[in-house]
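Here's the structure, in structure tokens; my notes come after.
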Amino acid sequence: MKSIWQTEKLIPLPKPEPLRGTCKADVAVVGAGMAGILTAYELQRRGARVVVLDRGRVGGGVTGGTTAKITSQHRLIYDRLIRGFGEEKAAQYAQANQRAVRQYAALVESKGIDCAFERRPAFVYAKGNTEKLEKELQAANRLGIPATLTDRTELPFSVAGALCFPDQAQFSPLRFLYALAKELKVYENTPVWNIEGSIVTFRGGKIRAQAVVVATHYPILNSPGYYFLRMHQQRSYVVALSGAPVLEGMYIDQEESGLSFRQAGGLLLLGGAGHRTGKNTEGGHYGQLIRHAGILYPQSVVQAMWSAQDCITVDGVPFIGEYAASMPHVFVATGFNKWGMTGCMAASAFLADRITGLKNACAPVFSPRRFPVRASAGKLTVDGAEAVAGLGKQVLHQPVRTLDDLAPGHGGIVRHDGKKVGAYKDEEGRVFLVSTRCPHLGCELRWNPEEKTWDCPCHGSRFDYRGRLLDTPARRGTVNRRAAISNGIVKNK
Ligand SMILES: Cc1cc2nc3c(=O)[nH]c(=O)nc-3n(C[C@H](O)[C@H](O)[C@H](O)COP(=O)(O)OP(=O)(O)OC[C@H]3O[C@@H](n4cnc5c(N)ncnc54)[C@H](O)[C@@H]3O)c2cc1C
Ligand code: FES
């Protein structure tokens, strides 16, 4: 399902061209989402020869499915940062994200980008106790953010309080991204396989570059770096409603299980129902949001809905900097914790400074080499336990169901020809088999009945029912090519 950004009229980019052969560049940027395009743009502005490679299309990743609030208000973070990282690093985080909001405004204005950029206040609201908001208010003020607390909002329910960050912003992310991408050398449909020293290997050729930026959402190399030990992915859902009253502000519940609101032209975007990728609940996530919409805005009509996923780090702070100690010329920007609009802008400044030899005072808090135990311990345990469970299931879980037990339109893990396989039976009774082993690191995939996909609970790779790759970190599909099937059942292609 496409987002409203993906169906907007966008500036036409040149016909997608894969890169072939061998070439040279000062910097190779892998990934043409918000992080890759902003970083490439900033480096080119400073005089570097930059080449951008994407395995698909510009903005075809998470950036195409964002809600595009540009804000330093990342739900409740500053009180936690002061406690986990100390005040100096918390201030680096606050300043980098506040500056990012201003940088968007300056770029949009100086280049005259037509992307519905609007200054809006951002609110995080509490329905019950305001204790956490009060702590966040104090923390934000200590770090120089002019936040205020109010109990009045435009929301269709009463709140106990709402913390306001003034002068934040919202925009149409793909219109903005395309305006920058058209000034860059971007090669689409060019998946990168490997990075070794200064050589980037992609399907059909190689680039020799003095520096490489990995902006692939999930980092493409498992080792070194081992980012899969420090991040998982969370999926979230959005419905776009017509007929709802217009909201001036952007809103988010202080609770992770709550809702997010923002206006986009004549549509109200209602977001939420987030969960760890692979952990699907009964009743459906879109269904949850549509039920909320029906109660809060009974006159509204759903005009579009979509979902996307982002990388969640164990301590809630992105990884921006050197990919690993053994790869000093390779850099990474990932783990934006669903706040990548300002995060990607901050990344573009740090990485451009780092690559052009400048010091950046806000960089230390984002260093991929940090490890503040106080801020990470709990989530590390949960992530580790999920990976162990996913791997264990692949080895130990033996299904009792067979293909005959699957009703048309349903999927699941079954026994077939004495082996465990993932199967989907379409409405016509055709069956599509896949391997249940995730090609990333081998965890057992789970069937997602709502999106008819196979999702990995370990690090969030996703595949369609034919086994074709939808979301990384896996680099290939999971088709079970050995499945020999007959009697009206089709073979996978
Ligand atoms: C539902 C949802 C709502 C959100 N709302 C907000 C919000 O309101 N405000 C906010 O600040 N943030 C928000 N976020 C987060 C934000 O959208 C993301 O953090 C941000 O878009 C990430 O950008 P990116 O460039 O890192 O990733 P992407 O946009 O995914 O770009 C990565 C690119 O790398 C390419 N790639 C991958 N592997 C390879 C390879 N091997 N070779 C070549 N190319 C490759 C992909 O094709 C892709 O184009 C939201 C996230 C979600 C899921
Ligand atoms: S094992 Fe890592 S994404 Fe599946």
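Please read these numbers as outputs of a predicted model, since none were measured by experiment. Numbering starts at 1 and runs along the sequence shown. Order of appearance sets the numbers: ligands from 1, and atoms from 1 within every ligand.
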Taking non-hydrogen atoms only, is [X] closer than 4.0 angstrom to ligand 1 via side chain, backbone, both or neither?
{"X": "A215", "answer": "backbone"}
{"X": "I220", "answer": "side chain"}
{"X": "R235", "answer": "neither"}
{"X": "V30", "answer": "side chain"}

C458 and C443 SG atoms less than 2.5 angstrom apart: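 Yes; the two sulfurs sit under 2.5 Å apart.
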Ring pair (Phe, Tyr, Trp, His ring centres under 6.0 Å) partners of residues 173-209, not counting sequence neighbours, each pair once: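 For residues 173-209: Y104-F176, F171-F176.
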Results of side-chain contact (heavy atoms from CB on, under 4.5 Å) for H329 - residues two or more places apart only: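 With sequence neighbours excluded, H329 shows a side-chain contact (heavy atoms from CB on, under 4.5 Å) to no residue whatsoever.
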Contact check: C443 to atom 2 (Fe) of ligand 2, N/O/S below 2.8 Å: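 No, since none of the N, O or S atoms of C443 sits under 2.8 Å from atom 2 (Fe) of ligand 2.
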Residue C456, metal atom 4 (Fe) of ligand 2, N/O/S under 2.8 Å: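 Yes.
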N/O/S atom of C458 inside 2.8 Å of atom 4 (Fe) of ligand 2, strictly under: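 False for C458.
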From T66, L269, T216, N97 - option closest to atom 50 (C) of ligand 1 by heavy atom: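 Among T66, L269, T216, N97, the closest heavy atom to atom 50 (C) of ligand 1 comes from T66.
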Aromatic ring pairing F123/Y251, orientation class (parallel under 30°, perpendicular over 60°, tilted between):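 F123 vs Y251 ring planes: parallel.
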Side-chain donor or acceptor of S367 paired with backbone N/O of V365 under 3.5 Å: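 No; zero donor-acceptor contacts below 3.5 Å.
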Member of Q309, Q233, R462, R235 meeting the side chain to side chain donor-acceptor pair (under 3.5 Å) criterion with T277: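 In the set Q309, Q233, R462, R235, the residue that makes a side chain to side chain donor-acceptor pair (under 3.5 Å) with T277 is Q309.
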Per-atom contacts of ligand 2 with H440, taking only distances under 4.0 Å to non-hydrogen atoms: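 With H440 as reference, the close atoms of ligand 2 come out as 1 (S), 2 (Fe), 3 (S), 4 (Fe).
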Close approach, G65 and ligand 1, non-hydrogen under 4.0 angstrom: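 Within the 4.0 Å threshold, so yes.
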